[in-house]
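This report concerns only the one structure given below.
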Amino acid sequence: MTSHIGPWRTGAQGHLSSDANGDPKTDYTRWRLVNEEGRQTWRYLESDEENSAWLQSTAEKYHMGLPTGLPILPEPKTPRQSAENGLSFFSHLQLEPGNWACEYGGPMFLLPGILITYYVTNTPIPPEYATEIKRYLFARQNPDDGGWGLHIEAHSSCFGTSMNYVALRLVGAHEDDPRMIKARGLLHKFGGAVYGPHWAKFWLSILGVMDWEGVNPVPPEIWLLPDWVPFAPWRWWIHMRQVFLPMSYLWSKRWSFPLNDLTRQLRQELYTQPYDTIDFAKHRNSIHPADNYYPKTWLLNGLNELLVRVWNPFLRLNTITRRAEEWTWELIRMEDENTDYAGLGPVNNPMNMVACYLHDGPDSYSVRRHRERLNDYMWVKNEGMLANGTNGVQVWDTTFVTQAVVVAGLADDPKWRPMLTKALEFIEDHQLRENVPDQEKCYRQHRKGAWPFSTKTQGYTVSDCTAEGLRSTLQLQEMHDFPKLISVDRLKDSVDCLLLMQNPSGGFTEYETSRASAKVEYLNAAEVFGGIMVSYDYPECTTASVTALSLFSKFYPDYRADEIRAVKEKAVRYIKRAQRADGSWYGSWGICFTYAAMFALESLASIGETYETSPHSRRGCEFLLSKQKEDGGWGESYLSSEKHVYVQHEMSQVCQTAWSCLALMEAGYPHKEPLEKAMKLLMSRQQANGEWLQESIEGVFNQSCMISYPNYKFYWPIRALGLYAKKFGNDQLL
Ligand SMILES: CC(C)=CCC[C@@H](C)[C@H]1CC[C@@]2(C)[C@@H]3CC[C@H]4C(C)(C)[C@@H](O)CC[C@@]45C[C@@]35CC[C@]12C
């Protein structure tokens, strides 16, 4: 067999060496992180002149896994010294606009979608990207069986294996490479790519290596349902509806990339029988058990049968289909324009780009801008290049860094003032100042006054990001005499925005208030994720909102006082209802019960409910204490998120230890011993230059997919160590 590479993989590439696997590797001293107002993209400097004129920063070296040259610090004996050493190291990673950057990888299905998009839109992929993507995908291949999972720590699945196999072939991996042979062997054991979930089948059909007959229907006509219909798509969870949108447009067109040598060959590699003999229609519902986290319901299966056997062949009218395509296109266009083509996330954005390619043509502005914007999702690290889960974690991380410094009692030290001022400038710059145009038409939530998760360009309000932005600002501007960069009116805007985000249940969702009943989850077609169809209440979002509103009212007691009080009371009732009998809360965005406990116990404390005064707080503390490990730390496996019960990690984790300690300390847990033991663990894991090393993955979404928050290992321990020193004294511990 011969190997074919894509039409776009041309161009010379110098400075290659080999990595431990013998794969070509770029020169890591040539990568630079360009940060324009928080927009982060990686650039490779080809010319020696440019490389010597533009020095690599400490942050760039750190992110690339190169020696940073940062000094060995005096050995910390006390928790505060340890917090200061940690901050000293971390402060060097701050970027010019004031934010901190990081990898935001974990999910293993994002990069393949982006690569398929590059390929089918004839987008030139820089050769240095291709080299590093290949390295990353091989680095993340499961050594035991040769496959890939849904996320970096997951068991191999048909989704992960088929998509990443294809991705590797698109970036030039040879089918006879022993690692590819092993991966293909596993894929065939799974039964071939026909046993992948709906999203895999969709992407493979776009690439032209699967027949559209094998894809369950994604009819754009659903977008014509009147708004009052209880399951109309505008009511769905924002990520699902924004993915369903371009998917339905493309499904309706049944467009596939024209066959070429590589895709013809892939048609042979991905299946266990000759392509032309496969009855794809029969495999619409085939799914391997390793992928089937959320099996399709009888209702969805019934609807799919109806659509395939009755609607598509007999009832689908051209005029209605055309109207549906026009309306979905209009919504795609609005999403693109509202985000300057950055998109809500790395799934809908590449799909939108393929839609633009079809609708506007290969050389259109929309395609060119998408092309540039896809770079915002790419990240390089020691293992190679990956796709981030969003266009960054800028606002989220920056707010927590400032809070860590404040809570640790270090904000008045003049040493940290320039760092904190810059961070505040970043937070100021990324507050959302206006609603999007035609907000109702494109079903967007009010956003004036809010903070997003990443940048103002992405521009989606997130309730807890707004809460953390507000809290950081108040801490710096009101509690610590930093310049008043954000006016009182703007703080009030953020409060107005938060007050609009409460659900009738009292809980808060992340992006929007709930628009439909949880019964719409019966229509979950993705198979690999749970809880994706509607906006749910989340303890973390609710608790963060309560804590921020409590702090705001301390400084502005007269502003909307009755409404804030009512919202908080209702929210607290929800928080108490959401607590399980064992005292725990299920966390949806961090792993898992330790994460939620930190937010929940802090918010209860913000309304005066502590270990001494509140049975809820006390039960929360006792739950945590029951999970502390022998070595003084806490360690929770990602399986907690999947299985919805606490699963111990075999090792204590710095991050979860810090969360648990913060939870206990904020709740006013009075006994020092368990906390002291935990502090010693945090200190013992700290390196001589003040840093902590990466441990297991920290975050999660949709119950089954994990996602990395590498900066957590810095600011949560700093916050916990500093708070401990404030509460229990800064005695020598080591
Ligand atoms: C479309 C699908 C299924 C996948 C794309 C990934 C996104 C759904 C998620 C990737 C990042 C998430 C998790 C995002 C990150 C921040 C959290 C949070 C920590 C602020 C949390 O408290 C509230 C929810 C988050 C916004 C998140 C939602 C889901 C992602 C966008």
Side-chain angles (χ1 to χ4, degrees), residues 102-114 150-151 159 197-199 202-203 236-247 293-294 339 342-352 377 387-400 445 450-455 458-469 501 507-512 524-533 535-545 547-548 585 587-592 595-596 598-600 641 659 697-709 711-712:
C102 65
E103 164 201 352
Y104 195 37
M108 286 305 293
F109 58 94
L110 304 173
L111 193 50
I114 292 178
L150 183 65
H151 59 88
F159 190 21
H198 189 228
W199 285 16
F202 168 84
W203 276 120
W236 298 0
W237 182 49
I238 190 164
H239 276 279
M240 266 314 109
R241 79 165 183 269
Q242 293 294 29
V243 168
F244 185 84
L245 183 67
M247 228 185 197
Y293 179 74
Y294 193 92
T339 59
L344 171 65
V347 180
N348 80 319
N349 194 38
M351 288 183 187
N352 276 16
Y377 288 102
N388 278 345
T390 55
N391 60 338
V393 189
Q394 297 86 327
V395 167
W396 183 248
D397 275 345
T398 305
T399 59
F400 280 126
Q445 173 85 18
W451 272 275
F453 178 69
S454 55
T455 61
Q458 191 262 7
Y460 276 86
T461 171
V462 180
S463 60
D464 48 353
C465 298
T466 303
E468 303 305 349
M501 294 191 82
F508 283 67
T509 309
E510 4 63 336
Y511 293 100
E512 297 167 338
N524 177 347
E527 294 148 326
V528 291
F529 305 119
I532 56 168
M533 288 308 290
S535 306
Y536 293 96
D537 294 325
Y538 294 110
E540 300 98 305
C541 299
T542 313
T543 51
S545 304
T547 308
W585 286 268
S588 296
W589 308 109
I591 300 169
C592 174
Y595 181 72
M598 171 177 67
F599 288 99
S641 307
W659 292 341
I697 199 157
E698 305 87 352
V700 58
F701 59 88
N702 305 149
Q703 303 163 16
S704 59
C705 192
M706 307 305 134
I707 190 157
S708 308
Y709 287 83
N711 288 333
Y712 279 6

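All figures in this text were calculated on a predicted structure; none of them were measured in a lab. Order of appearance sets the numbers: ligands from 1, and atoms from 1 within every ligand.
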Indicate yes or no for a side-chain donor-acceptor contact from T509 to the backbone of Y536 under 3.5 Å, with no hydrogens or angles considered. yes
Nearest non-hydrogen protein atom to atom 5 (C) of ligand 1, with distance, is V347 CG2, 4.0 Å
Whether F529 and W199 hold their rings parallel, tilted or perpendicular, with breakpoints at 30° and 60°: perpendicular
Rounded at 0.5 Å granularity, tell me how far CH2 in W237 sits from CD in E512. 10.5 Å
Donor-acceptor contact below 3.5 Å, side chain N349 vs main chain P346: no
What residue and heavy atom of the protein are closest to atom 22 (O) of ligand 1, and at what distance? D464 OD2, 2.3 Å
Pick one of side chain, backbone, both or neither for how W199 approaches ligand 1, counting any non-hydrogen atom pair under 4.0 Å. side chain
Report, in ascending order of atom number, the atoms of ligand 1 lying under 4.0 Å from any heavy atom of E510. 23 (C), 24 (C)
When you measure from the side chain of E540 to the backbone of S588, do you find a donor-acceptor pair of N or O atoms at a distance under 3.5 Å? yes
Let me confirm one number: the CE-OG distance from M240 to S535, rounded to the nearest 0.5 Å. 11.5 Å
How far is atom 16 (C) of ligand 1 from the closest protein heavy atom, and which atom is that? F453 CE1, 3.2 Å
Nearest 0.5 Å, what's the CZ-CH2 distance between F701 and W589? 8.5 Å
Close-contact set for ligand 1 against Y709 heavy atoms, below 4.0 Å: 15 (C), 16 (C), 19 (C)
Donor-acceptor pair, distance only, cut-off 3.5 Å: does the side chain of S708 make one with the backbone of I697? no
May I ask you to list the atoms of ligand 1 that are less than 4.0 angstrom from any heavy atom of W237? 8 (C)
Show the atoms of ligand 1 that are less than 4.0 angstrom away from any heavy atom in N702. 3 (C)
Assess the side chains of T455 and N391: does a donor N or O sit below 3.5 Å from an acceptor N or O? yes
among protein heavy atoms, the one nearest atom 4 (C) of ligand 1 is F701 CE1, 3.8 Å
Atom 31 (C) of ligand 1 - nearest protein heavy atom and its distance: H239 NE2, 3.0 Å
Which residue and heavy atom of the protein sit nearest atom 29 (C) of ligand 1, plus the separation: W589 CZ3, 3.7 Å
What's the separation between atom OH in Y294 and atom CE in M533, rounded to the nearest 0.5 Å? 9.5 Å
Please could you name the atoms of ligand 1 that Y511 approaches to less than 4.0 Å, counting only its heavy atoms? 26 (C), 27 (C), 28 (C), 31 (C)
Counting non-hydrogen protein atoms only, what is the nearest one to atom 12 (C) of ligand 1? Give residue, atom name and distance. Y104 OH, 4.0 Å
Taking only heavy atoms of T390 into account, list the atoms of ligand 1 that are under 4.0 Å away from them. 11 (C)
Contacting atoms of ligand 1, where contact means under 4.0 angstrom from a heavy atom of G389: 10 (C)
